[in-house]
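Have a look at the structure below, then the notes.
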Amino acid sequence: MNLHAIKAIYVFELARTWRTLFQSIAGPVISTSLYFIVFGTAIGGRFASVEGVSYGAFLVPGLVMMSVLTESVSNASFGIYMPRYSGTIYEVLSAPISAFETVIGYVGAAATKSVILGTLILLTARLFVDFSIGHPFWMVAFLVLTSVAFSLLGFILGIWANGWEKLQIVPMLIVTPLAFLGGSFYSIGMLPPFWQKIALFNPIVYLVSGFRWSFYGAADVPVVLSLAMTALLLAICLAVVWWIFRTGYKLKN
Amino acid sequence: MQPIIEIRGLEKTYASGFQALKGIDLDIRRGEILALLGPNGAGKTTLISIVCGIVRATSGSVTVDGHDIVRDWRAARSLIGLVPQELTTEAFESVWATVSFSRGLFGKPSNPALIERILKDLSLWDKKDTKVMALSGGMKRRVLIAKALSHEPSILFLDEPTAGVDVELRRGMWEMIGRLRDSGVTIILTTHYIEEAEEMADSIGVISGGRIILVEEKAALMEKLGKRLLTLQLQNPLNAIPAELADYPLTLSAGGRELVYRFDTQQERTGIAGLLRKLGDHGINYTNLRTEESSLEEIFVSLVRERA
């Protein structure tokens with residue numbers, strides 16, 4: 001195990017966060033604050049409570065999840081796409097470092113960033129609404145697992161993409177819409193029955209639902225199912241990453 | 001002594017169908033500087049990339065200090081430092097951060113004193129906190145060298161290290177490469193500048209069309225393949241070479257005031273005596289004569305042309 005290499009990649013990647021502090025952390029925090037002001041305070045004030053909590057409080061887990069999903073994908077994809085684009089990937093490929101170690105370094109850094117971001121959004125949210133966390137252990141577990149799973153997805157995207165457009169397209173056209181439709185702002189139970197069924201095909205529904213359960217104990221789908229879905233996503237991403245390194249796909253000729 | 005790098009039957013066909021390497025066999029001796037010469041597209045970079053683990057070979061084997069690069073890749077790779085041909089650098093990192101990163105990547109614990117020494121050796125110390133993108137091309141090249149040296153490799157690959165580097169800096173780099181060799185590092189460099197190979201290399205390998213045409217010690221190569229030139233300064237300029245001298249490989253230069261005779265040092269008879277006698281017979285007088293050896297460049301050009 002080349003621990004020095006894992007540490008080198010991890011530290012190098014996190015250093016980018018500090019360098020681009022505004023973009024990486026401040027940006028999402030500010031936009032989340034805006035969501036709270038608009039949806040939580042201005043509009044949410046007119047709503048009755050959802051699943052027994054105020055709409056503002058109901059929003060918190062969904063908004064955290066949405067930022068964590070999109071930022072995990074974009075951070076991790078950028079982290080690996082950048083060296084491919086600039087050519088500096090040669091160094092990682094020629095170093096005595098295994099695929100597994102490379103992934104730990106890049107994905108670990110991206111996931112860490114997402115967990116920090118999620119925590120910051122929670123703290124920001126606390127300034128706007130009062131909420132409680134019923135199952136702190138599961139809250140952290142969902143946050144970490146989701147960050148890792150979507151950072152892996154981002155890593156795959158960063159290897160697959162062969163241009164900046166493709167790098168943007170997946171977060172913009174797939175992750176963000178699925179997160180919006182995944183119950184970040186509403187309970188699936190509020191949808192007409194037909195759309196409820198359709199919504200169940202959206203994996204993000206399970207993640208948001210599970211995460212919200214860890215706060216308020218209420219969920220759209222059984223929490224076991226949420227956990228299973230998170231594990232399944234993680235497993236699929238790991239399998240794809242394993243295949244990428246196995247075949248050298250887009251990394252080695 | 002066992003060669004530090006042994007390459008056997010190495011072949012590479014890219015997905016496009018282009019066959020870059022057509023069966024390379026090469027031994028690189030410990031502690032030498034090997035210059036790989038070859039025209040563009042000869043397979044130099046592909047060869048280096050395979051040894052360094054960036055490109056997968058189609059067939060054949062490579063061992064680095066006894067470690068197979070596929071089965072025992074971790075041990076093999078940790079011995080190698082690579083300076084790529086393209087100036088591929090992190091744009092936003094500081095020089096210090098990017099060089100320290102390389103050391104970590106190769107599994108070495110951090111060693112600020114060593115990094116400091118490398119940066120000072122490469123005249124980069126005052127730029128250590130500068131972002132890489134703010135550096136000139138020559139400085140970026142040196143950053144790449146610093147990165148490759150950061151993990152104390154015993155083998156250093158330099159893929160056209162002095163491309164785009166000004167003359168003064170090139171001298172400095174040659175000196176640095178010489179010092180590395182003296183410290184026991186084996187150095188493999190590819191170059192277009194024959195002058196560079198002639199100046200530094202212990203051995204010369206010529207690669208063309210995916211094949212190694214020859215590998216030889218530089219001195220032996222120069223001797224074996226070297227042609228010498230005999231230049232005669234004529235008293236009276238000639239318009240054309242007299243028909244009587246047509247048997248000799250002669251050319252006129254300097255507007256007919258010089259007669260150049262090309263001869264092979266390997267032949268028992270150089271033919272000089274005969275030529276001079278014939279000149280006397282035909283009343284061609286000369287005021288001065290000098291001989292010179294052909295440069296590596298001429299050897300190289302003639303070799304590649306011959307095999308093409």
Side-chain angles (χ1 to χ4, degrees), chain A residues 1-24 75 78-106 108-109 159 162 164 243-253, chain B residues 12-16 18 20 45-46 48-58 67 69 72-94 97-98 100-111 131-133 144 147-148 150-151 153 157 159:
Chain A
M1 197 76 162
N2 187 346
L3 290 176
H4 288 296
I6 296 174
K7 190 181 144 209
I9 294 177
Y10 186 82
V11 170
F12 201 76
E13 282 299 299
L14 277 188
R16 216 185 53 222
T17 310
W18 306 130
R19 217 169 39 225
T20 55
L21 197 63
F22 189 78
Q23 234 173 306
S24 306
N75 274 326
F78 191 81
I80 189 71
Y81 181 73
M82 197 55 202
R84 282 184 58 224
Y85 176 76
S86 69
T88 52
I89 190 83
Y90 83 87
E91 203 177 14
V92 176
L93 294 177
S94 68
I97 173 169
S98 70
F100 184 61
E101 291 154 1
T102 310
V103 171
I104 294 180
Y106 280 106
I159 284 179
N162 47 12
W164 293 103
W243 174 83
I244 285 172
F245 279 99
R246 186 69 205 251
T247 56
Y249 172 76
K250 293 215 177 168
L251 284 176
K252 290 191 187 190
N253 287 307
Chain B
K12 175 65 191 179
T13 307
Y14 283 103
S16 62
F18 174 69
T45 300
T46 300
I48 288 181
S49 299
I50 290 175
V51 178
C52 293
I54 297 169
V55 169
R56 290 176 182 196
T58 308
H67 305 289
I69 58 158
D72 204 2
W73 56 273
R74 221 187 263 271
R77 287 186 199 173
S78 56
L79 296 172
I80 299 175
L82 166 65
V83 181
Q85 187 175 336
E86 304 285 335
L87 286 176
T88 46
T89 50
E90 301 279 346
F92 306 104
E93 286 296 335
S94 71
T98 193
S100 303
F101 169 72
S102 300
R103 181 170 172 87
L105 204 54
F106 278 74
K108 297 281 167 69
S110 72
N111 184 346
K131 284 182 179 176
V132 177
M133 66 178 173
L144 289 177
K147 280 163 80 75
S150 68
H151 60 275
F157 281 93
D159 201 352

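All figures in this text were calculated on a predicted structure; none of them were measured in a lab. A, B, ... follow the sequence lines: proteins, then strands. Residue 1 opens every chain.
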*Which bit of Ser102(B) is near chain A, if near means a heavy-atom gap under 4.5 Å: side chain, backbone, both or neither?*
both

*asked:* Show, in sequence, the C-alpha distance, side-chain angles and deciding distance for Glu91(A) and Phe101(B), and conclude whether the side-chain contact (heavy atoms from CB on, under 4.5 Å) test is met.
replied: CA-CA 10 Å; Glu91(A) 203 177 14; Phe101(B) 169 72; 4.0 Å; yes

*Would you give the length of the straight line joining atom CG of Asn2(A) to atom CG of Leu105(B), rounded to the nearest 0.5 angstrom?*
7.5 Å

_Separation between OG1 of Thr88(A) and CD of Glu86(B), rounded to the nearest 0.5 Å_ = 13.0 Å

_Between Thr102(A) and chain B, with a heavy-atom cut-off of 4.5 Å, which part of the residue counts as in contact: side chain, backbone, both or neither?_
neither

_Contacting moiety of Val11(A), where chain B heavy atoms sit under 4.5 Å_ = neither

*Quick one: are Phe106(B) and His4(A) in side-chain contact, heavy atoms under 4.5 Å?*
no

_Are Ser86(A) and Thr88(B) packed together at the side-chain level, in the sense that at least one heavy-atom pair is separated by less than 4.5 angstrom?_
no

*asked:* If you count heavy-atom pairs within less than 4.5 Å of chain A, which of Lys108(B), Arg103(B), His151(B), Arg74(B) leads?
replied: Arg74(B)

*Phe92(B), CZ: over 12 other non-hydrogen atoms inside 6.0 angstrom*: no

*Mark yes or no for whether Arg77(B), through its side chain, and Leu93(A), through its backbone, hold a donor-acceptor pair below 3.5 Å.*
yes

*Between Leu82(B) and Tyr90(A), what is the shortest heavy-atom contact and its length?*
CD2-CD1, 3.8 Å

*Take Glu93(B) and Phe12(A), measure what side-chain contact (heavy atoms from CB on, under 4.5 Å) needs, and give me the verdict at the end.*
CA-CA 9 Å; Glu93(B) 286 296 335; Phe12(A) 201 76; 3.1 Å; yes

*So which of Ser98(A), Ser94(A), Ala8(A) has the biggest tally of heavy-atom pairs under 4.5 Å with chain B?*
Ser94(A)

